[in-house]
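Below is one structure, written out as structure tokens; the observations come after it.
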Amino acid sequence: MQFIKAKTILTKVKDGDSWYGVDYNMNLYRGCSHGCIYCDSRSSCYHINQFDEVRGKENALFLLEKELIKNKKGVVGIGAMSDTYNPQEKKQEITRKALALISKYGYGVSIDTKSDLILRDLDLLKEINHKNNVIVKFTITTPKNHLSKIIEPRVCSSSKRLEAIKKLSDNGIYVGIMLNPVLPFLNDKEEDIRNLVFLAHQAGAKFITSYMGMTLRDNQRDYYYEKLDIHFKGLKEKYQQIYIDSYYCSVLNAKGLWHVLKEECEKHNILYDMKDIIREYKKEIPSNRQMSFFDL
């Protein structure tokens, strides 16, 4: 695997910009090999050349430890730009070693992933959870394995991700689903939303979040349309007619789908509001081991 130079590993999140109560963002890898046809990280604004090639960062663990020592403790977000549990991680174990450092210095962690490889690190997640806050978010766009295989071709199936959620939940890890993106005319069916919420409930998911649409800009749009031409003939032209060059493309029945999601989540006692999710997973940390909840 190729390694690229890095000056820093942790990026402080600006006040008011934090999703899921994250205090720092960290990406241990650059690029992603999952091949998801909709990925916003392909956009040219992120300046990631050869996006499908996964590269590590030189001295990542050395830099991380230095920053963990000097920074104020909080929740470290992992995987916002590229999945930290890519195939290279099986051999490199950079994420596992980073989690060990996060545990050592008493930080919390928030992980975005589509991979059940995260189960390998269940021991460390439980260790961190004993000291600070842990939240795991699985992206699941559809309950249909055959559709997920097309739109997320090199990642484990939706059913495998649900199994991973069950395992994490059974072991006391606060885990849920990011139902993002919702792709117009592909995974925006009411019955699929209801089915996914039910499956999430069975798996012990604590929350589901969604913005009922997708982004489309420059490189991302070109790649997405190329894949639509291969797998969903005629759909590209429908997008071009309805959305033209819009950055954000809301599904046509967004309001109705959001009502369905809300209704089903409330039926199964699953959270969907960001404030409620943060409030539930962030526990107060005893001052003799860690800073207080109010300092997070």
Side-chain angles (χ1 to χ4, degrees), residues 13-14 16-22 25 32 34 36-43 45-46 77-83 110-114 135-144 147-148 151-152 155 158 161 165 174-197 199-200 205-221 223-225 228 235 238-239 242-266 268 270-281:
V13 176
K14 295 179 181 178
D17 290 344
S18 176
W19 283 83
Y20 300 95
V22 168
N25 279 321
C32 185
H34 288 340
C36 304
I37 69 173
Y38 51 72
C39 185
D40 179 72
S41 295
R42 291 184 183 278
S43 303
C45 62
Y46 300 118
I78 308 176
M81 286 296 296
S82 58
D83 199 325
S110 167
I111 300 177
D112 300 5
T113 189
K114 291 187 180 85
I135 182 170
V136 175
K137 299 153 279 174
F138 270 89
T139 295
I140 302 182
T141 52
T142 172
K144 298 175 178 176
L147 180 56
S148 72
I151 64 178
E152 302 150 347
V155 67
S158 295
R161 282 173 256 175
I165 288 173
Y174 194 82
V175 58
I177 292 171
M178 295 186 295
L179 175 52
N180 293 320
V182 181
L183 309 173
F185 315 112
L186 287 177
N187 63 331
D188 58 348
K189 308 296 186 294
E190 180 177 321
E191 63 185 84
D192 291 344
I193 301 292
R194 294 187 187 277
N195 189 24
L196 182 56
V197 176
L199 293 172
K206 301 298 189 293
F207 63 89
I208 301 177
T209 58
S210 179
Y211 51 79
M212 294 301 168
M214 70 177 303
T215 61
L216 276 181
R217 51 184 169 190
D218 47 67
N219 292 12
Q220 178 197 11
R221 180 186 292 107
Y223 189 84
Y224 184 64
Y225 281 174
L228 289 185
L235 192 52
K238 198 170 184 178
Y239 272 75
I242 295 172
Y243 298 109
I244 311 176
D245 293 325
S246 298
Y247 161 62
Y248 178 68
C249 305
S250 175
V251 295
L252 299 187
N253 55 339
K255 187 174 181 179
L257 278 186
W258 174 251
H259 179 75
V260 169
L261 177 65
K262 179 180 175 182
E263 179 184 74
E264 293 299 308
C265 284
E266 289 175 350
H268 295 293
I270 294 174
L271 298 179
Y272 54 84
D273 183 86
M274 185 63 65
K275 295 188 299 295
D276 294 334
I277 295 166
I278 294 171
R279 187 181 304 117
E280 182 169 277
Y281 96 87

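If you're wondering where the values come from, they're calculated on a predicted model, not measured in any experiment.
- Between Tyr272 and Glu266, the side chains place a donor N or O and an acceptor N or O closer than 3.5 Å (distance only, hydrogens not considered).
- Rounding to the nearest 0.5 Å gives a distance of 10.5 Å between CD1 of Ile151 and NZ of Lys144.
- Counting heavy atoms from C-beta outward, Thr209 and Trp19 have side chains that stay 4.5 Å or more apart.
- Minimum interatomic distance between Tyr223 and Cys36 (heavy atoms only, all atoms of both residues): CE2-O, 4.1 Å.
- Annotation: the span from Glu263 atom CD to His268 atom NE2 amounts to 10.0 Å, rounded to 0.5 Å.
- Closest approach of Thr141 to Glu152, counting heavy atoms only: OG1-OE2, 2.7 Å.
- Asp188 places no side-chain N or O within 3.5 Å of a backbone atom of Leu257 that could act as its donor or acceptor partner.
- Within a 6.0 Å radius of NZ in Lys189, more than 12 heavy atoms belonging to other residues, nucleotides or ligands are found.
- Aromatic ring orientation, Phe207 versus Tyr174: parallel (interplanar angle below 30°, classes split at 30° and 60°).
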Steps toward side chain to side chain contact (heavy atoms under 4.5 Å, CB included) verdict (Ile140, Ile165): CA-CA 11 Å; Ile140 302 182; Ile165 288 173; 3.9 Å; yes
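- Formation of a donor-acceptor pair under 3.5 Å by the Arg221 side chain with backbone atoms of Asp245 is found in this model.
- Considering all non-hydrogen atoms of both residues, Cys32 and Ser82 come closest at CB-CB, 4.2 Å.
- Counting heavy atoms from C-beta on, the side chains of Ser110 and Val22 come closer than 4.5 Å.
- Looking at Ser246 and Tyr248, their side chains never come closer than 4.5 Å, going by heavy atoms from C-beta outward.
- Atom CZ of residue Arg194 and atom CG of residue Leu199 lie 14.0 Å apart, to the nearest 0.5 angstrom.
- The closest donor-acceptor contact from the side chain of Tyr20 to the backbone of Lys137 lies at 3.5 Å or more, if one exists at all.
- When all heavy atoms of Gly21 and Ile278 are compared, the pair lying nearest together is N-CD1, 3.3 Å.
- Separating the OH atom in Tyr46 from the CG atom in Asp218 is a distance of 10.0 Å, to the nearest 0.5 Å.
- Judged by distance alone, with hydrogens and angles left aside, the side-chain atoms of Asp83 form a donor-acceptor pair with the main-chain N or O of Lys114 at under 3.5 Å.
- Contact check for Thr215 versus Gln220: side-chain heavy atoms found under the 4.5 Å cut-off.
- Annotation: side chain of Tyr211 is in contact with side chain of Asn180 (closest heavy-atom distance under 4.5 Å).
- When side chains are defined from C-beta on, Leu252 counts as touching Ile242, because their heavy atoms get closer than 4.5 Å.
- We find the CD1-CE distance between Ile208 and Met178 to be 12.5 Å, quoted to the nearest 0.5 Å.
- Ion pairing between a basic and an acidic side chain is recognised when a charged N comes within 4.0 Å of a carboxylate O; Asp40 and Arg217 show such pairing.
- Tyr239 and Tyr224 form a side-chain donor-acceptor contact under 3.5 Å, judged by distance and modelled atom types alone.
- Listed for the Ser158 side chain is a donor-acceptor partner under 3.5 Å among the backbone atoms of Thr142.
- Summarising the geometry of Asn195 relative to Pro143, their closest heavy-atom pair is ND2-CB, 3.7 Å, with the distance given to 0.1 Å.
- Atom OH in Tyr247 sits 7.5 Å away from atom OG in Ser43 (nearest 0.5 Å).
- Leu179 has its side chain within reach of Leu196: a pair of non-hydrogen atoms, C-beta onward, lies under 4.5 Å apart.
- Applying the side chain to side chain contact (heavy atoms under 4.5 Å, CB included) test between Met214 and each of Val182, Leu186, Leu183 identifies Leu183 as the sole match.
- The cationic group of Arg161 does not satisfy the cation-pi geometry with Phe138, failing either the under 6.0 Å distance to the six-membered ring centre or the 45° limit from the ring axis.
- For the pair Lys238 and Phe185, the cation-pi test (distance below 6.0 Å, angle within 45°) is passed.
- Salt bridge absent: Lys275 and Glu280 never bring a charged side-chain N and a carboxylate O closer than 4.0 Å.
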Step by step, work out the side chain to side chain contact (heavy atoms under 4.5 Å, CB included) result for Ile177 and Ile270. CA-CA 10 Å; Ile177 292 171; Ile270 294 174; over 6 Å; no
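- Pairing each heavy atom of Ala80 with each of Asp112, the nearest pair is CA-OD2, 4.0 Å.
- Contact of the Leu261 side chain with the Ser210 side chain is registered, since non-hydrogen atoms from C-beta on lie closer than 4.5 Å.
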